[in-house]
Amino acid sequence: MTDSAECSPKTTERDDERDDAHLEDLEEGAGCTEIWEHLAEKREERDATR
């Protein structure tokens with residue numbers, strides 16, 4: 001059985017159309033806390049420009 005960190009899924013969609021494109025700035029292997037912080041920062045940046 002392979003480890004999920006070793007898995008390299010083939011990209012079938014363009015990068016700008018991916019559902020997870022908003023996470024591209026995260027390092028591979030980021031945990032829940034890092035993802036939550038990243039999303040919160042992006043949300044704050046978005047709200048500040050409104």
Practice problem: To the nearest 0.5 Å, tell me how far His22 NE2 sits from Ile35 CD1. | Solution: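 Atom-to-atom, His22:NE2 and Ile35:CD1 are 8.5 Å apart.
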Self-check item: Distance, nearest 0.5 Å, that separates CZ of Arg46 from CG of Leu39
Solution: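 Output value for this atom pair is 10.5 Å.
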Quiz item: Taking only residues two or more places apart in sequence, or in another chain, which ones meet His38 in a side chain to side chain contact (heavy atoms under 4.5 Å, CB included)?
Solution: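 His38 satisfies side chain to side chain contact (heavy atoms under 4.5 Å, CB included) with Leu23, Asp25, Leu26, Lys42 once adjacent residues are dropped.
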Quiz item: Does Asp20 have any side-chain hydrogen bond (donor to acceptor under 3.5 Å, both in side chains) partners at least two apart in sequence or in another chain, and if so, which?
Solution: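 Only Arg18 meet the side-chain hydrogen bond (donor to acceptor under 3.5 Å, both in side chains) criterion with Asp20.
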